2 protein chains.
Amino acid sequence: MTATADRQRQGWGKALRPTTKVLPEHARAHNRSMVLAHLFHAGPGSRADLARSTGLTRVTVSDLVASLMAEGLVAELGVRPEGRVGKPATLVGLRTDSFQIVAVDLADDERMHGAVLDLAGLVVERRSTAVDGRTGESAVRALTDFCAELVEAATCPVLGVGVGSPGVIDAAGTVLEAPNRGWYDVPLASTLESALGVPVHVANDANTAVLGEFTYGGATGSGLLVLTVGEGVGAGIVLDGALVKGHRHAAGELGHVTVVDERDDVDGAPLGPALECACGRRGCLETVLSVPALRRRVAGLDPQSTDAALASVGRRLGILLAPVVSALNLSEVVFSGPPDLLDGPLRSAALESLRERTMPVISSTLELRMTTLGEDGALSGAAVLVLSGQLGVT
Amino acid sequence: MTATADRQRQGWGKALRPTTKVLPEHARAHNRSMVLAHLFHAGPGSRADLARSTGLTRVTVSDLVASLMAEGLVAELGVRPEGRVGKPATLVGLRTDSFQIVAVDLADDERMHGAVLDLAGLVVERRSTAVDGRTGESAVRALTDFCAELVEAATCPVLGVGVGSPGVIDAAGTVLEAPNRGWYDVPLASTLESALGVPVHVANDANTAVLGEFTYGGATGSGLLVLTVGEGVGAGIVLDGALVKGHRHAAGELGHVTVVDERDDVDGAPLGPALECACGRRGCLETVLSVPALRRRVAGLDPQSTDAALASVGRRLGILLAPVVSALNLSEVVFSGPPDLLDGPLRSAALESLRERTMPVISSTLELRMTTLGEDGALSGAAVLVLSGQLGVT
DNA sequence: TCACATTTGTTAGTAGACCTTCCTTACTAA
DNA sequence: TTAGTAAGGAAGGTCTACTAACAAATGTGA
C-alpha cells in the first residue's frame, strides 16, 4: 500500500472549542436536577420509584432526597395508600409552597404583565401596570419597581425573577437591542438582580414562550417552534430540549423575513403590494401577520372574504415555514396569539401549504396547533427560565 | 394578597424527559475528551499548558495524560525548545500514527469512495469501487467488502469506520430509507460492525459533510449549515457544536421543499414552469439546484445567459434559505458541490437575495462561502463521526 | 559565582460522589 | 405462623479531582 498523503489537512491550528471541565460535583448537581425534574413532571413518588426511573441506586436517591429535603424543596407526604407486597413506600414530593417565582412579560407595549407563581407553574397572584410610554432608563426603573412589588406580593421565599422581553437578549440577560423600549446594551438581569436581591433571568419573549410551551404545553417530540403573533411576530425554537440561541442571540427573528415580493402573483388571493415595514424594508412577515396588520386586513370584510384574507396570509406563512420545518424536521409548530385570527383559515391554510411544500417524512408527523397556554405563554416561560436556571428543571 | 389560582396547570402528568444519570466516571470521560480535543485542535503542548487551557489542575491532567499514553493515543515529544524561565516543559502530542480511521462516502450513485485517514484527518490511502447498480442486500455486501478492503489497507489499528450515506438514518446507524440504494430499515452500522469487528458509525452524507466542515473547515461561529449539491440536494446543520438530527432523523432534507410555484413570476428571469420531481411533486429545490438539473439548465447557453440562469436559481435558493437563516441566526452557510456551477453568479445571487430578505442583525454577520474541503467533505465528516464517537473529539 | 525566583511535574493526603453489600422494617400470601 | 417481597438505611469500597508540598531544572540578579 502507498501512503498517499494527498492533502494538507492537519487538525492543528484550529480555533479552540469552548469546552469546560466537568467535576464530580457537577454530576451530583445533574442528578439532583434529574430527581427534581422527575418529581416536577411525574408528581410525587417513593425514593425507590425515583431510583428506578433515574437509573441511580436507592442509596444515592435517598441521599439526594435528604439534601433536597434539607433545602426545603421536597417533603415526605406519608405512605402510599395502595397496598402492594413489601414495605409500604413513603412518598416524597415537590414542596410547591416552599418557594415562589416572579415572572414578567414585557411583550405588550402598553402594560407590563407580571405574576407570582408556585413551583408547579400555577399562578398565585397576578398584577399589571401601565407602561405610560416610558422608555430607556425610565422604563428600567418602572420595571424594577414592578418586580419589587411582585416580590413583595410573594408569600414565601422567591426562587428568582424571570423576564420575557422583546428584543435581542444575550445569555447573561443583557438586552442588546429592544427598539420598542429604547434599550440598547442594557444589562437588565444584573441591574434587576442587584436591586431586588434575588436571581434574575431575562430572555426574549418568543424564547420564553417556547420554553413555556415546552414545559407546560403538550410538547411531545424533540423539535418545537412557537410563533408568537402580537404587535410583532417572533419565534422561539427548542431542539433536543435546548433553546436555540443563535450566533448573535437573534434566533427566531422571523418577523422581518420577506414574504411578499414586489411582483407577486403566487397566490389565487394575492396579498397586494409589498407593504412598508417599520424596519425600513418592504414585505416583511410582520406587515401581514402581526395582529394590527391582520386586523387592518380583515376590517370591514364579510365573513367569507375575511376567511379568504386570513387563508391568504396562512399560505404565505406556510411557504415561509416550509424550509424551516424541513431543515430542522420539527415535530410541532405552535401558534401563540389571538385565536380568532390565527386558529381558523389562517392555520388551516398554513398547514395545507406546509404539507404541499414539504416531503411526507417531514410533514406527516408535523403537528401545527394553537398554544395550550393562552396568553400566558411568555409568562410561564419566564417562570421556566427561573426553574431551569435555579433548579435545572425543564 | 389573594391567592388567585386562575388556571389548572400543574406540572404533573407530563411526559418524562429522557434525562440520564451522570456518574463521576462520565466526568472523567468528558475531561479526557477535552484534553484529547485540545491536543487535536491546538497541537502538542505541555501538561501544564493543558491544565491552564482546560481549567483542570496539573495533577489531574498528568493523570489523564498518563492513561492516554497507556492507551497509545498520545506520546511525549521531548522538551519544548524555547527557553523560558523555569523547568523546561515536556511536550505531549496526539499520536497520529497510533490509530487510523476508515471513511466511506456513498453519495455518488456510481462509485463508492473510501479512504484511510490518520487521526489528524490526513488521507493516507484512497480507494473507490464501482457500485454496478447493486441495491438492497447486494449493495450491503459490496459495501462490507469495500470496508473490509479499506480496513485491510490500514497500517495500524483502526479506530473505527465512518460511513456517510444518502437517506434518512437514525442515531444507531440504521438506514430508515435510502431509495437510491433500495435500503429500508437496514441496520447498516450493526451489520458492518459485526462483519468488520471494529466500531462503525453511519450518518446521512449531508450530516457528515457538515461535521467535516465544522471540524476541518474554517467554522468560526456557532451556527453552520452545509448545503450539499450533487445528484440530489441535502443539508446538514450544526448548532452550538451539536448536529441537528430532527424529530424523525430527517433534519436537513431541503431537497424536496417547493421553490417553484405553478404561477410563478417572482423573478425577472423566471425559472419556467414547476418541473416534476422524482418524489412525485412539482417544483422541488432538487428540480433546479441539483447538479444534473443545473447542467441541463445551462447546456448550450452563452456565458451571459448561463450566468443569468445560475443567478436565477441562486435567488430562489436565497428565498428558501432566508427563513432558515433567520430562525436559527446562523453564522455560516457553506456550499458543497461543483464550484463551476455554485461558486459564481449562483452564490452571489443567493447571498444578495438572503441579505435583501433578512434583518441586518441576521445577515450582516452571515458568511456564505464554498467548502474548503473540496469533494472530501462527506469523507472527512465520516472520519469525524468516528473521532467523535470513539474519542469524543469534535 | 551563587542565592533566589519561576515553572514543571510528581507524591501524598483529603473530600465528594456513587457504588455494592448487608441489615432492619413492614407488609402480603400461604 | 412462616416465607417472600419491597423500602429504606448503614457500612465500607472505589473512583475522581482537589489542595499542599516538594524535587528538578532553568533563568535572573546581586
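Because the structure is a prediction, the values reported are computed rather than measured. A note on names: the letters A, B, ... follow the listed sequences, proteins ahead of strands, and every chain is numbered from 1. Just the heavy atoms: all of them, side chains too, but no hydrogens, waters or symmetry mates, feed the values below.
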| request: Look at the side chain of B:Arg28 and decide which nucleotide, out of C:dA17, C:dT10, D:dA17, has an atom nearest to it. | output: D:dA17
| Approximate separation, where rounding is to 0.5 Å, of A:Tyr216 OH and A:His41 NE2 | 8.5 Å
| said: Distance check needed: C:dC19 C1' versus B:His26 NE2, whole Å only. | reply: 13 Å
| message | Expressed as a whole number of angstroms, how long is the span from A:Arg58:CZ to C:dT24:C1'? | response | 12 Å
| task | Rounded to the nearest angstrom, tell me the gap between atom CG in B:Asp63 and atom C1' in D:dC15. | result | 10 Å
| task | Give me the residues of residues 71-79 of chain B where at least one heavy atom lies under 4.0 Å from an atom of DNA chain D, by number, or none. | result | none
| query | So, is A:Lys21 close to the D:dC18 phosphate, meaning a side-chain N or O under 4.0 Å from OP1 or OP2? | reply | yes
| field | Spacing of CG belonging to B:Asn207 relative to CG belonging to B:Leu385, to within rounding of 0.5 Å | value | 9.0 Å
So which protein N/O to nucleotides 11-14 of chain C N/O distances come out below 3.5 Å?
none

| query | When you check the phosphate oxygens OP1 and OP2 of D:dG9, does a side-chain N or O of A:Ser62 lie under 4.0 Å from one of them? | reply | yes
| field | Whole-Å gap separating C1' (C:dG16) and NE2 (A:His30) | value | 18 Å
| With B:Arg58 via side chain to side chain donor-acceptor pair (under 3.5 Å) - residues at least two apart | none
| message | Looking at B:Arg248, is its backbone amide N or carbonyl O close enough to the side chain of A:Asn329 to form a donor-acceptor pair, meaning the two atoms are under 3.5 Å apart? | response | yes
| query | DNA chain D: A:Pro24 or A:Ala89, which has the more 5' nearest nucleotide? | reply | A:Ala89
| How long is the gap from CD1 on B:Ile101 to CG on B:Leu122, to the nearest 0.5 Å? | 11.5 Å
| query | What is the distance, rounded to the nearest whole Å, between atom CG of A:Leu64 and atom C1' of C:dC19? | reply | 13 Å
| message | Salt bridge check, A:Asp118 against A:Arg95: does any charged N sit closer than 4.0 Å to a carboxylate O? | response | no
| field | D:dA7 phosphate, OP1 or OP2, under 4.0 Å from A:Thr90 side-chain N/O | value | no
| request: Mind checking the CG-CD1 spacing from B:Leu243 to B:Ile237? Nearest 0.5 Å is all I need. | output: 9.0 Å
| field | Neighbours of DNA chain C within residues 45-52 of chain B, by heavy-atom distance under 4.0 Å | value | B:Ser46, B:Arg47, B:Ala48, B:Arg52
| Whole Å only: how far is the CZ atom of A:Arg32 from the C1' atom of C:dA17? | 15 Å
| field | Expected output: side-chain B:Ser33 to main-chain B:Val393 donor-acceptor under 3.5 Å | value | no
| message | Less than 4.0 angstrom between a side-chain N/O of A:Asn31 and OP1 or OP2 of C:dA17, yes or no? | response | no
| task | Considering only NZ, NE, NH1 and NH2 on the basic side and carboxylate oxygens on the acidic side, decide whether A:Arg47 and A:Glu76 come within less than 4.0 Å. | result | yes
| remark: Output for pair (B:Leu68 CG, B:Arg32 CZ), nearest 0.5 Å, gives 5.5 Å
| remark: Taken to the nearest whole Å, CE/A:Met69 to C1'/D:dG8 is 12 Å
| task | Write down the atom of B:Thr208, the atom of B:Val163, and the distance for their closest heavy-atom approach. | result | CG2-O, 4.3 Å
| task | Report, as a single string ordered 5' to 3', how protein heavy atoms within less than 4.0 Å touch nucleotides 25-30 of chain D: B base, S sugar-phosphate only, - not at all. | result | BBS---
| remark: Taken to the nearest whole Å, CG/A:Leu91 to C1'/D:dA6 is 14 Å
| remark: Here the gap from B:Leu192 atom CG to B:Leu188 atom CG, rounded to the nearest 0.5 Å, amounts to 4.5 Å
| message | Going by the rule salt bridge (charged side-chain N to carboxylate O under 4.0 Å, His left out), which residues pair with B:Glu25 if we only count those two or more places apart in sequence or in a different chain? | response | none
| said: Testing the 3.5 Å rule here: is there a donor-acceptor pair between the side chains of A:Glu332 and B:His247? | reply: no
